[in-house]
Amino acid sequence: MDPAHSRIGFSVRHAMVTTVRGAFLEYQSRLYFDGRDPSSSQAEIIVSTASVDTGVEQRDAHLVGRDFLDSARYPRMRFASTSVEVAGPDVYRMTGDLTIKAATRPVVLELTYIGHVTDPFGYQRAGFDGTTTINRSDWGLTYDSKLAEGGAMVSEKVRLQFDIAAIRTPPVG
């Protein structure tokens, strides 16, 4: 993945009336996509939990603390694909294991293939958009502040977004 042109983000309802968006700025990734045989495609993304950025320093500090990601104890989260299947024209379903904190659970990403090009520098690039929604408490993200009117300060449902610009690595040799 090209980190200058990719984004690993999330969105979550806050106070039941607005949506907070953020991204993780530091990650390592490997992606192998085979358009002729999508089932042989693979992906792995390892994210630095301390690299969360919502644009609000105080909120970011809360997110990396013990109420949420607990970055001091769990500095990384990881997604590793286990299977890929065609779901429709230019749409793929990638199943994989998502590890956050000490919990690993299966998730299914819906990936849309945007297309591919050769850039002016001769690199082959491909683009994908992926999303999935998780229940944060399934991964031990159990902050549970309630509103006076009822409801949660932070929704249980978190939408994960993967805006991927992949660059083909030249063959060795």
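Sequence positions, counted from 1, serve as the residue numbers for this chain.
A distance-only check finds a donor-acceptor pair linking the side chain of Thr132 to the backbone of Val108 [under 3.5 Å]. Here the side chain of Ser81 pairs no donor or acceptor atom with the backbone of Gln42 at under 3.5 angstrom. Not a single donor-acceptor pair under 3.5 Å links the side chain of Thr19 to the backbone N or O of Arg13. Between the side chain of Arg136 and the main chain of Ser155, a donor-acceptor pair closer than 3.5 Å is present.
Contact check for Arg125 versus Ile167: side-chain heavy atoms found under the 4.5 Å cut-off. Side chains of Phe162 and Met94 form no contact here, defined as non-hydrogen atoms less than 4.5 Å apart. Side-chain contact between Leu98 and Leu160 is present, with heavy atoms from C-beta onward closer than 4.5 Å. Ile45 places a side-chain heavy atom less than 4.5 Å from the side chain of Met1.
Following chains of ILVMFWY side-chain contacts shorter than 4.5 Å, one cannot reach Ile164 starting from Ile46, and the two form parts of different hydrophobic clusters. Follow the hydrophobic side-chain contacts under 4.5 Å out from Val117 and you never reach Phe121; the two are in separate clusters. No chain of hydrophobic side-chain contacts below 4.5 Å, direct or via other Ile, Leu, Val, Met, Phe, Trp or Tyr residues, connects Leu31 to Ile114.
Taking CZ from Arg7 and CG from Leu25, the interatomic distance works out to 9.5 Å, rounded to the nearest 0.5 Å. Atom NZ in Lys101 sits 7.5 Å away from atom CG in Leu69 (nearest 0.5 Å). Atoms CG and CG, on Leu141 and Asn135 in that order, are 9.5 Å from each other to the nearest 0.5 Å.
Contact record, Asp97 with Pro106: OD1-CA, 4.0 Å, taken as the closest heavy-atom pair. Between Asp138 and Ala103, the closest heavy-atom pair is O-CB, 3.9 Å. Listed here is the closest heavy atom pair of Gly130 and Leu111: CA-CD2, 3.5 Å. Heavy-atom minimum distance, Tyr92 versus Val84: CB-CG1, 4.3 Å.
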Open item on the list: Run Val20 and Val56 through side chain to side chain contact (heavy atoms under 4.5 Å, CB included) and show every step you take.
Closed with: CA-CA 10 Å; Val20 169; Val56 177; over 6 Å; no

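With sequence neighbours excluded, no residue forms a ring-ring contact (aromatic ring centres under 6.0 Å, His included) with Tyr27. Scored by the side-chain hydrogen bond (donor to acceptor under 3.5 Å, both in side chains) test, Ser6 finds no partners at all (sequence neighbours excluded). For Ser41, the side-chain hydrogen bond (donor to acceptor under 3.5 Å, both in side chains) test picks out no residue, with sequence neighbours left out. Shown here are the side-chain hydrogen bond (donor to acceptor under 3.5 Å, both in side chains) partners of Gln28, two or more places apart in sequence or in another chain: there are none. For Ser11, the side-chain hydrogen bond (donor to acceptor under 3.5 Å, both in side chains) test picks out Gln161, with sequence neighbours left out. Partners of Phe128 under the ring-ring contact (aromatic ring centres under 6.0 Å, His included) rule, at least two apart in sequence or in another chain, are Phe33, Tyr113. Annotation: ring-ring contact (aromatic ring centres under 6.0 Å, His included) contacts of Tyr74 (sequence neighbours excluded): none. Under the salt bridge (charged side-chain N to carboxylate O under 4.0 Å, His left out) criterion, Asp129 pairs with no residue at all, not counting sequence neighbours. The side-chain contact (heavy atoms from CB on, under 4.5 Å) check on Gln124 picks up Thr118, Arg168, with sequence neighbours excluded. Partners of Thr112 under the side-chain contact (heavy atoms from CB on, under 4.5 Å) rule, at least two apart in sequence or in another chain, are Val91.
Annotation for Arg76: atom CZ does not count as buried by contact number, only 12 or fewer foreign heavy atoms lying within 6.0 Å.
The salt bridge (Lys or Arg N to Asp or Glu O under 4.0 Å) analysis of residues 53-64, with sequence neighbours excluded, yields no pairs. Sorted by first and then second residue, the pairs that involve residues 31-49 and meet salt bridge (Lys or Arg N to Asp or Glu O under 4.0 Å), not counting sequence neighbours, are Arg30-Glu44, Glu44-Arg78.
A tilted orientation is assigned to the rings of Phe24 and Phe10, their planes being inclined by 30° to 60°.
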